[in-house]
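Single-structure report; data block below.
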Amino acid sequence: MKKVFDSEQSGRSMVEMLGVLAIIGVLSVGGIAGYSKAMAKYRTNKTIDQVSMLITNIRTLYANQNNYAGLDSATGVLETFELVSQDMIDPDTANTYINPFGGTITVEASDDNNEFTVTYGNIDKQACISIVTADWGASASGGLMELKIGQKAHTWGGASGAGFPIDLTTAATECEPAANATGVEIAWTYR
C-alpha cells in the first residue's frame, strides 16, 4: 500500500534562514563601506584631475597674452572658451561651477592680471590632505606661486613651515575644517 503523507520535510529551517540573512547582512555592510571609500577616492582623484585640467587650459589659452586680463569665472569666460568640462557646470545657476564635493569652483585673475587663482570650496579633510600633498610642480618654474589651505598660504621660498612641498603632518593640521564648516577651501595661484 502507498503512503499518502510523507513525513519528511524538504524545506529550510528557520535557523538556516537566519544564518543566511546574517551572512547577507555582513556582506552588505562590507560592500557599503567599500563603496563609500571608493567614492571618496574617486572624488579626490576627480578634483585633482579637474584642477590640473583647468590650470592647463587657462595657461594654454593665455599663453600668447601678456597677462590674464578678463579671466573671471563670474563672466562666463570659462564656458565661452571651453576651459571647464560639462560636469563642472552648475545646471541651475549661470556662471557657477561645482566640484566633486559639492562646493563651488571660482577662478579669477589677480589685481595686476599677472596671476590667476583657482579656488575649490567644501573639500573634506581626508581629500584635502591627499590633494594638497600631491605634486603640483617641482619648482616655481612650474607656475605655482601659492597654495592656500583655508587661511594658511604656502609659497615658493616662503617662511619656514609655509613652503613646498607640504608634508602630511602640516596638511592634516591645516585641512581641519573650521567650526560649523563641512569642509575646507583650497586655492591655487599660478603665474
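Only a predicted model underlies this, so the values are computations on that prediction, with no experimental measurement involved. Numbering starts at 1 and runs along the sequence shown.
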Original post:
Taking all non-hydrogen atoms of both residues, which atom of P177 and which atom of G183 are closest, and how far apart?
Top reply: CB-O, 3.8 Å
**OP:** Determine, step by step, whether T117 and V107 satisfy the side-chain contact (heavy atoms from CB on, under 4.5 Å) criterion, reporting the C-alpha distance in whole Å, the side-chain angles of both residues, the deciding distance to 0.1 Å, and the verdict.
**Re:** CA-CA 6 Å; T117 301; V107 177; over 6 Å; no
Original post:
What heavy-atom pair brings C128 and I123 nearest, and what distance separates the two atoms?
Top reply: N-CG2, 3.6 Å
Original post:
Any side-chain heavy atom of I24 within less than 4.5 Å of one from V20?
Top reply: yes
Subject >> Validation row: E174, H154 side chains within 4.5 angstrom (heavy atoms) >> reply: yes
Original post:
Does D167 CG have over 12 foreign heavy atoms under 6.0 Å away?
Top reply: yes
Original post:
Going by atom types alone, do N122 and T182 pair a side-chain donor with an acceptor below 3.5 Å?
Top reply: yes
Subject >> Approximate separation, where rounding is to 0.5 Å, of N95 CG and T80 OG1 >> reply: 8.0 Å
Original post:
When clusters are formed by joining ILVMFWY residues with side-chain heavy atoms under 4.5 Å apart, either directly or through shared neighbours, do I98 and I58 land in the same one?
Top reply: no
Subject >> CG on L144 to CD on E146, rounded to 0.5 Å >> reply: 8.5 Å
**OP:** Evaluate the side-chain contact (heavy atoms from CB on, under 4.5 Å) criterion for residues E79 and I89: first the C-alpha distance (whole Å), next the side-chain angles of each, then the deciding distance (0.1 Å), finally the verdict.
**Re:** CA-CA 8 Å; E79 287 178 70; I89 300 170; 3.7 Å; yes
Subject >> Nearest heavy-atom neighbours spanning Q50 and P100 >> reply: OE1-CD, 3.3 Å
Original post:
Are the side chain of W188 and the backbone N or O of I55 linked by a donor-acceptor pair below 3.5 Å?
Top reply: no
Original post:
Just how far is it from atom CG of N99 to atom CD1 of I105, taken to the nearest 0.5 Å?
Top reply: 5.0 Å
Subject >> Backbone N/O of D72 and side chain of T75: donor-acceptor pair under 3.5 Å >> reply: yes
**OP:** Please say whether more than 12 non-hydrogen atoms of neighbouring residues, nucleotides or ligands are located less than 6.0 Å from CZ in R191.
**Re:** no
Subject >> Atom of I129, atom of A172 and distance for their closest heavy-atom approach >> reply: CD1-CA, 3.7 Å
Original post:
Does a salt bridge link D87 with K46, judged by any charged N lying under 4.0 Å from a carboxylate O?
Top reply: yes
Original post:
Is it true that atom CG of D111 has more than 12 heavy atoms of other residues, nucleotides or ligands lying nearer than 6.0 Å?
Top reply: no
Subject >> Any donor-acceptor N/O pair, S36 side chain to I32 backbone, under 3.5 Å >> reply: no
Subject >> Rounded distance [0.5 Å steps], CG in L83 versus CG in L71 >> reply: 7.5 Å
**OP:** Kindly work out whether a path of hydrophobic side-chain contacts (I/L/V/M/F/W/Y, heavy atoms less than 4.5 Å apart) joins F81 to V84.
**Re:** yes
Original post:
Are side-chain heavy atoms of T155 and M145 found at a separation under 4.5 Å?
Top reply: no
Original post:
In terms of side-chain heavy atoms, does T44 have a donor or acceptor partner in S130 at a distance below 3.5 Å?
Top reply: no
**OP:** Drop me the distance from R59's CZ to L54's CG, to the nearest 0.5 angstrom.
**Re:** 12.5 Å
Original post:
Just how far is it from atom OG1 of T60 to atom CE of M53, taken to the nearest 0.5 Å?
Top reply: 11.5 Å
Original post:
Would you find a donor on one side and an acceptor on the other, under 3.5 Å apart, between the side chain of S110 and the backbone of E115?
Top reply: yes
Subject >> Considering all heavy atoms, the nearest N114-N66 contact >> reply: OD1-O, 4.1 Å
Original post:
Looking only at heavy atoms, which two atoms of A171 and T133 are closest? And how far apart?
Top reply: CB-CG2, 3.8 Å
**OP:** Please test T104 against Y120 for side-chain contact (heavy atoms from CB on, under 4.5 Å), starting from the C-alpha separation and ending with a verdict.
**Re:** CA-CA 6 Å; T104 59; Y120 271 54; over 6 Å; no
Original post:
Taking it one step at a time, do T47 and F101 satisfy side-chain contact (heavy atoms from CB on, under 4.5 Å)?
Top reply: CA-CA 8 Å; T47 299; F101 293 93; 3.3 Å; yes
Subject >> Parallel, tilted or perpendicular: rings of Y62 and Y68 (30°, 60°) >> reply: tilted
Original post:
Quick one: does S13's side chain have a donor or acceptor within less than 3.5 Å of a partner on E16's backbone?
Top reply: yes
Subject >> Close side-chain approach of E176 and K125, heavy atoms under 4.5 Å >> reply: yes
